[in-house]
Amino acid sequence: MRKKISTSIFLLLCVFLSSYAQDDWGNYVIEKEKGIMSVTVNYKYMLGKPNYKNLVLVGKRTSKCFKNGMPNAEGLEEIYDYSDAVANEINKSSKKNRLVGILTYQCTGFDVYYVKDTINLRNKIDSLYKNKFTDSKNYLVINRDKKWQYYKEVLYPKDVSDSFFMSQDLLSQLFLEGVDLTQKRKINHYFYFKRDKNRERFLEKIKTIDFKVDSLKFDENNDFPYELQIHREDALYPSFLAELTKALKSFALTNIGYYDGWAIE
């Protein structure tokens, strides 16, 4: 896509997840009651899970964040320092543990663990909060979750369709940069068709739902030489875009063409 992630924030994310490079981490954003939530999840645990039956959810709120609820670069550094300190306490308390997900929502970062033993874990984390993190709002939840319901119901995406993930890289990047995904903005969409008459037939229908034409081009070196760029103002809600891109892909295909994605300026 045409929008690139902020370098400083991207490097922070790379450093934080580098120790988990052997795992299958993925990121997506979803709508929640008070705004957008970013979810980073280790997908490999959907296929096989260790016999760790205790859920441990730890979190820290920061005041250094964008208006959309995503911590900025300074806020992320603050949260990552916190995460490292908590991880150290969890590792000392129970070597048999797994970090399976990370949630970012309303200026708060949450780490989601499953651990085998929780003896004295609450006391150790409470002590850490009192000794090092008294200047922020902190969270600690320890629950029995032998079937990994939290992982399946909160972390793992409910929509695993191609249409959902087609937009997720760009949406995640925009959210990390502080863009308000709930605000309407001009969204450009790109298509290619086999023949001019296919493009014209597509245009006749698409104009009825308020799309505007930006450009019509011809590239003789392309197997689908008839290019089309259109736009419409929409909010960037992830579920809405998944349905929209699914419909646009299907409609382009019925007109012997293909949808090449969307971008904002």
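Here, residue 1 is the first one in the sequence, and each next residue gets the next number. This one's a predicted model, so the numbers in the text were calculated from it and none came from an experiment.
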Decide yes or no for [X] and [Y]: does some side-chain heavy atom of the first lie under 4.5 Å from some side-chain heavy atom of the second?
{"X": "Gln168", "Y": "Pro238", "answer": "yes"}
{"X": "Thr40", "Y": "Trp25", "answer": "yes"}
{"X": "Leu55", "Y": "Ile142", "answer": "no"}
{"X": "Leu174", "Y": "Ile264", "answer": "yes"}
{"X": "Thr245", "Y": "Ser167", "answer": "yes"}
{"X": "Val141", "Y": "Tyr150", "answer": "no"}
{"X": "Ser93", "Y": "Ile119", "answer": "no"}
{"X": "His189", "Y": "Gln229", "answer": "no"}

Check the side chains of [Y] and [X] for a donor-acceptor pair under 3.5 angstrom, ignoring hydrogens and angles.
{"X": "Asn188", "Y": "His231", "result": "no"}
{"X": "Tyr113", "Y": "Arg98", "result": "no"}
{"X": "Asn91", "Y": "Asn97", "result": "yes"}
{"X": "Asp117", "Y": "Ser94", "result": "no"}
{"X": "Glu31", "Y": "Ser239", "result": "yes"}
{"X": "Asp180", "Y": "Asn68", "result": "no"}
{"X": "Asn27", "Y": "Ser172", "result": "yes"}
{"X": "Asp81", "Y": "Ser83", "result": "no"}

Enter the distance from [X]:[atom1] to [Y]:[atom2] here, rounded to the nearest 0.5 Å.
{"X": "Lys92", "Y": "Asn120", "atom1": "NZ", "atom2": "CG", "answer": "12.5 Å"}
{"X": "Asn255", "Y": "Lys197", "atom1": "CG", "atom2": "NZ", "answer": "11.0 Å"}
{"X": "Arg61", "Y": "Thr108", "atom1": "CZ", "atom2": "OG1", "answer": "5.0 Å"}
{"X": "Leu171", "Y": "Phe165", "atom1": "CG", "atom2": "CZ", "answer": "11.5 Å"}

### Message
Check the orientation of Tyr82 and Tyr129. Use parallel for under 30°, tilted for 30 to 60°, and perpendicular for over 60°.
### Response
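Taking Tyr129 first and then Tyr82, their aromatic rings lie parallel (interplane angle under 30°).
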
Is it the case that more than 12 heavy atoms not belonging to [X] sit under 6.0 Å from its [atom1] atom?
{"X": "Asn123", "atom1": "CG", "value": "yes"}
{"X": "Lys184", "atom1": "NZ", "value": "no"}
{"X": "Lys124", "atom1": "NZ", "value": "yes"}
{"X": "Lys49", "atom1": "NZ", "value": "yes"}

Treating Ile, Leu, Val, Met, Phe, Trp and Tyr as nodes and any side-chain heavy-atom pair under 4.5 angstrom as an edge, say whether [X] and [Y] lie in one connected cluster.
{"X": "Met70", "Y": "Tyr237", "answer": "yes"}
{"X": "Leu176", "Y": "Tyr28", "answer": "no"}
{"X": "Tyr52", "Y": "Ile125", "answer": "no"}
{"X": "Val58", "Y": "Leu103", "answer": "no"}

Is it true that [X] and [Y] make a salt bridge, defined as a side-chain N closer than 4.0 Å to a carboxylate O?
{"X": "Glu204", "Y": "Arg201", "answer": "no"}
{"X": "Lys64", "Y": "Glu77", "answer": "no"}
{"X": "Asp23", "Y": "Lys44", "answer": "yes"}
{"X": "Arg185", "Y": "Glu233", "answer": "no"}

### Tyr114 ring center within less than 6.0 Å of Trp148 ring center
yes

### Check: Phe193 ring centre within less than 6.0 Å of Phe202 ring centre
yes

Under a 3.5 Å distance rule, please check whether [X] uses its side chain to pair with a backbone N or O of [Y] as donor and acceptor.
{"X": "Ser161", "Y": "Phe164", "answer": "yes"}
{"X": "Gln106", "Y": "Lys34", "answer": "yes"}
{"X": "Thr208", "Y": "Lys205", "answer": "yes"}

### Query
Looking at Tyr258, Tyr192, Tyr259, Tyr190, which hits ring-ring contact (aromatic ring centres under 6.0 Å, His included) with Phe224?
Tyr258

### Evaluation steps, salt bridge (charged side-chain N to carboxylate O under 4.0 Å, His left out), between Glu78 and Lys60
CA-CA 9 Å; Glu78 186 180 297; Lys60 180 185 188 302; 2.7 Å; yes

### Query
When Val29 is tested against each of Leu236, Ile36, Thr104 for side chain to side chain contact (heavy atoms under 4.5 Å, CB included), which residue passes?
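Running side chain to side chain contact (heavy atoms under 4.5 Å, CB included) over Leu236, Ile36, Thr104 with Val29 returns exactly one hit, Ile36.
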
